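Excluded from the calculations below are hydrogen atoms, water molecules and symmetry mates; all remaining heavy atoms, backbone and side chain alike, are included. Everything quoted here is computed from the prediction, not taken from an experiment. In each ligand, atom 1 is the first atom listed, and ligand 1 is the first ligand listed.
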Amino acid sequence: MSAPSDHVSAAVMSTLSLEELTQLLETIFLRHGTSAEVARSLAANCAGAERDGAHSHGVFRIPGYVSTLQSGWVNGQAVPQVEDVASGFVRVDAGNGFAQPALAAARPLLVEKARSAGIAALAIRNSHHFAALWPDVEPFAEEGLVAISVVNSMTCVVPHGADRPLFGTNPIAFAAPQAGAAPIVFDLATSAIAHGDVQIAARNGERLPPGMGVDSLGQPTQDPKAILEGGALLPFGGHKGSALSMMVELLAAALTGGNFSFEFDWDNHPGAKTPWTGQLLIVIDPAKSAGQSFAERSHELVRQMHGVGLKRLPGDRRHLQREKSLKYGIALETPTLEQLQRLAGF
Ligand code: NDP
Ligand code: PYC
């Protein structure tokens, strides 16, 4: 499901460079109690999402990060503890902090293991992931590695065949190098629509396509507010998406030691929005199997897909938007920029 219609185009806009936006977001995080390392990591992630037009996980998320930090639900100063547990396995306890700094702390060891053993896994637990997942995998493909990651979120999805929500929106992201072109990357929620896009549709007064969710009585609805206020989302693709969502719960939570999407209770932390769960990454060095030909083979697959009429690959929209943002700046609605400036204390 693509993001709800581009509300940005009709409004009064301001434009920032990637560096200016990153700096502004870093100031917000620091002002709300994170360490410098955490502020750098989250600001880069969030500004990168906005640059790529990933609006459901760009600056839209900043008030949620701020209210979560203010609620004491997450530790913005957490220092991740990295453990070297086996030749192909790294574990991190994120210390009730954010997942991105935990990944950054474990990344050198993970890459070293993937390059020496051919494959390595990273299990992050006790972590909060409130962002798009593609920024976690894309950099591996940029250095010639194949990466897959899963993260679970918060209970809001009804498993196929059930009548109450249990799963999170549970995305899966994949990245692979491609010769002579940007890596092949996809990143998709296993729910019919991401929770963030439902919030944006509700804010914009838009209806959703059929099949996205149910209301508080379990009846199908296209009203995003009915989904958010006591209703729930459905998995994409019926039993198939539901099985993938179950897999994400198992890999991101059971395998890592993190919480299932239904296991944490943030009721005593009003304002808390970030799921306290786990994340798994698997990184493969294709040089150990297909050698350098893997990237050529990726390119050949893409060439053949275009040959049968394909116009858009996953990631193409983001890359087009990235090019535009880097050329003309990142456009924000002026009231949104003013809100960010207030949060930064300007
Ligand atoms: P979308 O449905 O918008 O897109 C899913 C993937 O399909 C993307 O890679 C997208 O590429 C691609 N795509 C979309 N339309 C087409 C098309 N017509 N042809 C070919 N490819 C296409 O994403 P979701 O709504 O499922 O997820 C949005 C974001 O929400 C993700 O980044 C996800 O990680 C995040 N999320 C995070 C969670 C968390 O717990 N942290 C939980 C749930 C979601 P492109 O990007 O180029 O459009
Ligand atoms: O959009 O579903 C979502 C989501 C959940 C946690 C972060 N994003």
Note to self: Restricting to side chain to side chain contact (heavy atoms under 4.5 Å, CB included), what partner residues turn up for Ala202, sequence neighbours left out?
What the structure shows: Pro224, Lys225, Leu228

Checklist line | Interfacing atoms of ligand 1 (cut-off 4.0 Å, heavy-atom, Ala194) | finding: 25 (O), 30 (O)

Note to self: Below 30° counts as parallel, above 60° as perpendicular, anything between as tilted: where do the rings of Phe262 and Phe260 land?
What the structure shows: parallel

Check: Any idea which atoms of ligand 1 are less than 4.0 Å away from a heavy-atom of Gly315?
Finding: 11 (O), 45 (P), 47 (O)

Note to self: Check this for me, if you would: do Arg91 and Asp84 make a salt bridge, where the nitrogen-to-carboxylate-oxygen distance has to be below 4.0 angstrom?
What the structure shows: no

Margin query: Using a plain distance cutoff, I'd like to know if His129 has any nitrogen or oxygen under 3.5 Å from a nitrogen or oxygen of ligand 1.
Written below: yes

Margin query: Glu323: which residues meet the side-chain hydrogen bond (donor to acceptor under 3.5 Å, both in side chains) condition with it, sequence neighbours left out?
Written below: none

Margin query: Regarding Ser245 and Asn170, do their side chains bring together a donor and an acceptor under 3.5 Å, going by distance alone?
Written below: yes

Next item on the list: State whether the shortest distance between N or O atoms of Ile193 and N or O atoms of ligand 1 falls below 3.5 angstrom.
Entry: no

Next item on the list: Between Ala131 and ligand 1, find which residue part has any heavy-atom pair under 4.0 Å and reply side chain, backbone, both or neither.
Entry: backbone

Margin query: So if I count the atoms of ligand 1 from 1 in the order they appear, which ones are less than 4.0 Å from some heavy atom of Ser153?
Written below: 40 (O)

Margin query: Would you say Ser261 and Glu249 are linked by a side-chain donor-acceptor pair, where the criterion is simply a distance under 3.5 Å?
Written below: yes

Check: Got a sec, which hydrophobics cluster with Val302, joining ILVMFWY side chains under 4.5 Å apart, including via others?
Finding: Ile184, Leu301, Met305, Leu310, Leu313

Item checked: Candidate with minimal heavy-atom separation from atom 30 (O) of ligand 1, of His57, Gln279, His55, Arg312 -> His57

Next item on the list: Enumerate the atoms of ligand 1 whose separation from the nearest heavy atom of Asp197 is less than 4.0 angstrom.
Entry: 25 (O)

Next item on the list: Using only heavy-atom distances, determine whether the side chains of Asp136 and His129 contain a donor-acceptor pair under 3.5 Å.
Entry: yes

Note to self: Checking side chain to side chain donor-acceptor pair (under 3.5 Å) between His128 and each of Thr68, Thr274, Asn75, which is the one that passes?
What the structure shows: Thr274

Next item on the list: State, without any angle test, whether Trp276 and Asn126 hold a side-chain donor-acceptor pair at a distance under 3.5 Å.
Entry: yes

Next item on the list: Would you mind listing which atoms of ligand 1 come within a distance below 4.0 Å of any non-hydrogen atom of Ala132?
Entry: 32 (O), 34 (O)

Next item on the list: Could you tell me which atoms of ligand 1, counted from 1 in the order shown, lie closer than 4.0 angstrom to a heavy atom of Phe186?
Entry: 9 (O)

Check: Are any of the N/O atoms in Arg317 less than 3.5 Å from those in ligand 1?
Finding: yes

Checklist line | Those protein residues which place at least one heavy atom below 4.0 Å from ligand 2 | finding: His57, Arg61, Phe130, Ser153, Met154, Thr169, Ala194, His195, Gly196, Pro275

Check: With a 4.0 Å cut-off on heavy atoms, is Pro275 touching ligand 1?
Finding: no

Next item on the list: Could you list which atoms of ligand 1 come closer than 4.0 Å to a heavy atom of Leu133?
Entry: 32 (O), 34 (O)

Checklist line | Pair Ser216-Glu229, side-chain donor/acceptor within less than 3.5 Å | finding: no

Notebook entry, point to check: Taking only heavy atoms of Asp316, which atoms of ligand 1 are found under 4.0 Å from at least one of them?
Noted result: 47 (O)

Notebook entry, point to check: Does Arg303 pair with Glu300 as a salt bridge, N-O distance under 4.0 Å?
Noted result: yes

Notebook entry, point to check: Does an N or O from Thr169, backbone or side chain, lie closer than 3.5 Å to an N or O of ligand 1?
Noted result: no

Next item on the list: Please determine if Arg51 and Glu19 form a salt bridge, counting it only when a charged side-chain N lies under 4.0 Å from a carboxylate O.
Entry: no

